[in-house]
Amino acid sequence: MATSEQFQERLRRAVREAVRKCLAEGDLPEAQEGEAGFTTIEKLALAAGDAVSLEVFEQQLAESGMGPPHCPRCGFEGKRLKQRDRTVQTRRGLKVPLREQECYCPGCRRAFFPSLPGSGTGRGL
Ligand SMILES: [Zn+2]
């Protein structure tokens with residue numbers, strides 16, 4: 001399994017061309033009057049980071065939502081009821097839209113929300 005550093009390095013190589021292309025197109029947000037050049041670049045960097053983060057969340061969350069939902073109490077396969085949309089804030093303050101599926105377990109006769117892999121400790125994001 002890759003370390004965070006290895007993943008980051010791989011990701012960096014993958015986005016290098018995309019960032020270069022996007023910056024070369026110009027049409028960048030205008031700098032505030034008197035804004036330091038570093039601050040202008042930092043704003044672009046933060047926006048780029050948020051864009052990549054959102055993409056990772058979107059793709060990973062979409063993948064984790066596949067397959068039948070299983071009841072966390074008895075493991076029985078539940079029925080999908082309805083979807084609930086909410087927003088989760090990451091440790092860096094990025095707001096990520098989250099679509100949760102409300103499910104029902106016929107065995108336990110209760111509703112549940114299938115948790116994401118590795119979630120539940122409050123330290124996952
Ligand atoms: Zn159950």
Side-chain angles (χ1 to χ4, degrees):
M1 191 172 273
T3 64
S4 293
E5 288 77 18
Q6 289 168 332
F7 173 67
Q8 194 171 20
E9 184 52 39
R10 210 169 66 222
L11 198 57
R12 201 168 156 190
R13 279 198 303 269
V15 299
R16 184 167 290 145
E17 269 312 301
V19 169
R20 193 190 315 264
K21 203 171 148 193
C22 205
L23 290 175
E25 283 171 6
D27 197 21
L28 304 174
E30 208 168 311
Q32 304 274 303
E33 200 171 314
E35 185 177 85
F38 186 85
T39 305
T40 308
I41 295 171
E42 186 182 28
K43 282 182 180 173
L44 297 177
L46 291 173
D50 287 354
V52 172
S53 295
L54 279 172
E55 201 53 44
V56 171
F57 272 112
E58 211 174 284
Q59 292 187 22
Q60 287 292 100
L61 289 173
E63 199 166 291
S64 67
M66 292 173 189
H70 289 279
C71 173
R73 189 185 280 178
C74 70
F76 229 73
E77 195 172 311
K79 291 179 183 159
R80 294 177 195 277
L81 293 180
K82 59 185 175 194
Q83 291 193 326
R84 174 172 84 168
D85 290 319
R86 66 185 182 112
T87 306
V88 177
Q89 191 166 354
T90 68
R91 286 185 293 177
R92 290 189 192 226
L94 184 68
K95 290 187 170 77
V96 177
L98 194 63
R99 172 158 290 174
E100 290 180 311
Q101 178 73 54
E102 185 178 353
C103 300
Y104 180 78
C105 175
C108 302
R109 284 193 244 166
R110 63 190 275 268
F112 67 93
F113 290 92
S115 59
L116 301 169
S119 74
T121 62
R123 299 169 58 207
L125 293 177

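As the structure lists them, so they are numbered: ligands from 1, and atoms in each ligand from 1. Small disclaimer: the values here were computed from a predicted structure and weren't measured.
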Would you compute the distance between atom [atom1] of [X] and atom [atom2] of [Y] and round it to the nearest 0.5 angstrom?
| X | Y | atom1 | atom2 | answer |
| --- | --- | --- | --- | --- |
| Gln60 | Glu58 | CD | CD | 12.0 Å |
| Gln89 | Leu98 | CD | CG | 13.5 Å |
| Glu100 | Gln83 | CD | CD | 10.0 Å |

Cationic tip of Arg73 above Phe112 ring, under 6.0 Å, 45° of axis:
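Verdict for Phe112: no cation-pi partner in Arg73.
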Under 2.8 Å from the Zn ion (ligand 1), how many protein N, O or S atoms can be found?
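Count of protein N, O, S atoms less than 2.8 Å from the Zn ion (ligand 1): 4.
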With a 4.5 Å cut-off on side-chain heavy-atom distances among I, L, V, M, F, W and Y, is there a chain of contacts connecting Leu61 to Val88?
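Yes; tracing contacts between hydrophobic side chains, which count when under 4.5 Å, links both residues.
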So, Arg20 and Glu17, do they make that salt bridge, N to O below 4.0 Å?
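The answer is yes: the pair qualifies as a salt bridge.
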